[in-house]
Amino acid sequence: MIPSLSYDEFPAREVSSEGMQRIAADTSLLNIRWHQHVVYAVRDDRPLHLEILEPYPFGRDKPAADEVLDQSLPTIVFIQGSGWHAQDILSAVPRVYPLAEQGYTVALVEYRPTEEGAYFPSQVHDAKEAVRFLRRHASRYSVDPDRIVLFGTSSGGHTALLAAFTGDEELIDPEEPEPGESCSINAVVSFYAPVHIGQMHLYPTAYDHTAAESPRGYLIGRKNVLEHPELVEPTVITNYVTASRDLPPTLLIHGNRDRTVPFEQGVMLYEHMRDCGKAVEFYCLDQADHGGMVFFRGEPLTLVLGFIRRILDR
C-alpha cells in the first residue's frame with residue numbers, strides 16, 4: 001500500500017527521550033531499485049542477463065516494478081572477471097553498489113563462458129550487445145545513452161578494453177550485422193586486466209598461463225598459448241592502440257602483488273597508450289593482490305568516481 005503522505009509531506013517527529021542521541025541521515029545517497037536477471041540477448045540458445053541497479057532519490061517511495069522513472073542518468077556497464085569462464089555476477093553487486101548510490105545506473109553484464117565453447121571474441125560481442133540493449137531501452141532503466149562508461153575487472157577488464165577500443169568498427173558480432181544502436185562509449189575503466197596473454201608467463205605468477213586448459217588457453221579454443229600465436233594476436237589489447245585510432249579516455253588500476261595477472265601487463269598497456277598519445281591514467285595499488293574489496297573502497301573508488309565525473313561532465 002502506498003502511504004497517504006509523501007516523504008516531503010510527512011513531518012519529522014520531535015519526540016525525545018533521556019539518553020537518546022540524534023545522528024544525521026546522509027541524504028546525498030540514493031536508494032536503489034534492482035532489476036534482476038534482465039535478458040539482453042540470446043546467443044547459442046543461451047539467455048544472457050544484466051543485473052541493473054537503478055538509483056532514485058532519497059525520500060521517494062519505492063517505485064513499482066514496472067514503473068518508468070522520469071530520469072536519464074550516466075551509466076556504468078560493469079563486466080565481472082572470471083577468467084572468461086562462467087561469472088558469479090551476483091557476488092559483484094555489493095562491489096558496485098556504491099557507484100549506484102552516487103547517481104549512476106549500473107548494469108552488470110553476463111557474457112558467454114569459454115567452457116561452453118564461447119571462445120574469443122564472444123565476450124566482446126556480448127559486451128557490445130549489452131551497450132546496444134541499454135541504449136534501446138534507455139528510458140526503461142534510467143540510462144543516458146550519451147553518457148556510458150565501460151568498467152571491467154580482470155578478464156572483464158580485458159573484455160571492456162577491447163569493446164571500448166574497437167567500438168563500432170571491429171570485433172562486431174556477426175549475428176548483429178545491422179545493430180541499429182551504437183556500442184561506442186565515453187570512457188573505460190579497467191582493474192588488473194590481462195593485456196597480452198602470450199607474455200603473461202614471462203613474469204612471476206602463481207599459475208600456468210600457457211596450457212590449453214588454462215583460462216588463456218580456453219580463451220583461444222582450448223589451445224596451448226605458445227603454440228598458437230595466430231590465435232593469440234587478435235586478443236592482444238595493444239594491437240588496437242595506435243596513434244591514428246581514436247580511443248576513449250582510459251583509467252587503469254593494478255596491484256603490484258598480483259599473483260594472477262602480472263603487474264607488468266598494466267605497465268605494458270599504460271606505456272603503449274602514453275607513447276601513442278592517448279588519454280590514459282595508471283595507478284599502482286601498492287601491496288594489492290588480484291581483486292578483492294580493496295579495489296572498491298577508499299582511494300580506488302574515489303579515483304574511479306572522479307575520473308568518470310571528469311569525463312562525463314565535460
Side-chain angles (χ1 to χ4, degrees), residues 40 48-53 75-93 95-96 98-100 104-114 118 120-131 133-134 148-167 171 183-197 215-216 219 235-238 240-241 247-255 258 260-261 265-266 268-270 273 280-283 285 288 290-293 295-296 300-301 303-305 307-308 311:
Y40 73 88
L48 297 172
H49 302 88
L50 297 173
E51 304 297 327
I52 303 175
L53 305 179
T75 298
I76 298 171
V77 181
F78 183 81
I79 309 173
Q80 169 76 350
S82 61
W84 301 281
H85 292 314
Q87 299 152 295
D88 183 6
I89 294 292
L90 298 184
S91 72
V93 171
R95 299 182 179 188
V96 299
L99 299 173
Y104 298 94
T105 294
V106 180
L108 295 88
V109 179
E110 177 189 28
Y111 55 46
R112 284 169 289 173
T114 53
F120 182 84
S122 297
Q123 297 74 26
V124 180
H125 293 165
D126 296 343
K128 290 184 175 184
E129 179 54 24
V131 172
F133 174 91
L134 290 166
I148 297 178
V149 173
L150 277 171
F151 181 2
T153 63
S154 194
S155 62
H158 179 270
T159 300
L161 288 164
L162 285 177
F165 290 175
T166 61
L171 302 182
C183 57
S184 64
I185 49 85
N186 300 85
V188 58
V189 178
S190 172
F191 286 178
Y192 43 86
V195 173
H196 192 318
I197 65 171
R216 275 61 56 187
L219 181 65
T235 75
V236 177
I237 294 173
T238 50
Y240 300 90
V241 179
L247 298 181
T250 303
L251 171 64
L252 308 172
I253 301 181
H254 206 132
D258 192 324
T260 303
V261 176
Q265 293 270 298
M268 176 194 307
L269 178 57
Y270 169 66
M273 293 188 70
V280 58
E281 300 176 29
F282 180 50
Y283 293 89
L285 190 56
H290 191 75
M293 292 303 294
F295 282 88
F296 291 89
L301 178 62
L303 287 170
V304 169
L305 288 168
F307 171 78
I308 293 174
I311 300 304

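Here the structure is a predicted model, which is why all the values come from computation and not from measurement.
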- Note on the structure: Rounded to the nearest 0.5 Å, the CG atom of Leu247 sits from the CE atom of Met273 at a distance of 5.5 Å
- State, to 0.1 Å, how close Val131 and Cys183 come at their nearest heavy-atom pair, and which atoms those are. CG1-CA, 3.8 Å
- Message: In terms of relative ring orientation, are Phe296 and Phe78 parallel, tilted or perpendicular, with 30° and 60° separating the classes?
- Response: perpendicular
- Closest non-hydrogen atoms of Pro249 and Asn186, given as atom of the first, atom of the second and distance, are CD-O, 3.3 Å
- Item | Beyond-backbone contact of Val96 with Ile76, side-chain heavy atoms, under 4.5 angstrom | no
- Item | OG-CD1 distance between Ser190 and Ile237, expressed to the nearest 0.5 angstrom | 6.5 Å
- Query: From Thr75 OG1 over to Ile52 CD1, what is the distance, rounded to the nearest 0.5 angstrom?
  - Reply: 9.0 Å
- Task: Answer whether the closest heavy-atom distance between the side chains of Val189 and Phe307 falls below 4.5 Å.
- Result: yes
- Closest contact, heavy atoms only, Pro215 versus Gly83: CB-O, 3.5 Å
- Give the minimum heavy-atom separation between Leu150 and Ala160, together with the two atoms involved. CD1-O, 3.6 Å
- Item | With His196 via ring-ring contact (aromatic ring centres under 6.0 Å, His included) - residues at least two apart | none
- Task: First locate atom CG of Leu219, then atom NE2 of His158, and finally report the distance between them rounded to the nearest 0.5 Å.
- Result: 6.0 Å
- Any sub-3.5 Å donor-acceptor pair from Gln87's side-chain atoms to Val109's backbone N or O? yes
- Query: Any side-chain heavy atom of Leu251 within less than 4.5 Å of one from Val304?
  - Reply: yes
- Query: Does any N or O in the side chain of Gln80 come within less than 3.5 Å of the main-chain N or O of Ala92, such that one atom is a donor and the other an acceptor?
  - Reply: no
- Message: Between Ser154 (side chain only) and Gly81 (backbone N and O only), is there a donor and an acceptor less than 3.5 Å apart?
- Response: no
- Item | Min side-chain heavy-atom separation Ser82-Asp88 under 4.5 Å | no
- Item | Nearest-0.5 Å distance that lies between atom NE2 in His125 and atom CZ in Phe120 | 8.0 Å
- Taking only residues two or more places apart in sequence, or in another chain, which ones meet Tyr111 in a ring-ring contact (aromatic ring centres under 6.0 Å, His included)? none
- Item | Approximate separation, where rounding is to 0.5 Å, of Leu108 CG and Ile89 CD1 | 6.0 Å
- Heavy-atom side-chain proximity of Gln123 to Thr114 below 4.5 angstrom: yes
- Message: Quick one: does any side-chain atom of Tyr192 pair with a main-chain N or O of Gly157 as donor and acceptor, under 3.5 Å?
- Response: no
- Task: Check whether any side-chain heavy atom of His254 sits under 4.5 Å from a side-chain heavy atom of Val261, and report yes or no.
- Result: yes
- Heavy atoms only: give me the nearest Ala164-Pro248 pair and the separation to one decimal. O-CD, 3.7 Å
- Is there side-chain contact between Thr153 and Phe295, with at least one heavy-atom pair below 4.5 Å? no
- Query: Going by heavy atoms in the side chains, are Leu269 and Leu252 under 4.5 Å from each other?
  - Reply: yes
- Message: Between Tyr240 and Phe165, is the ring centroid distance below 6.0 Å?
- Response: no
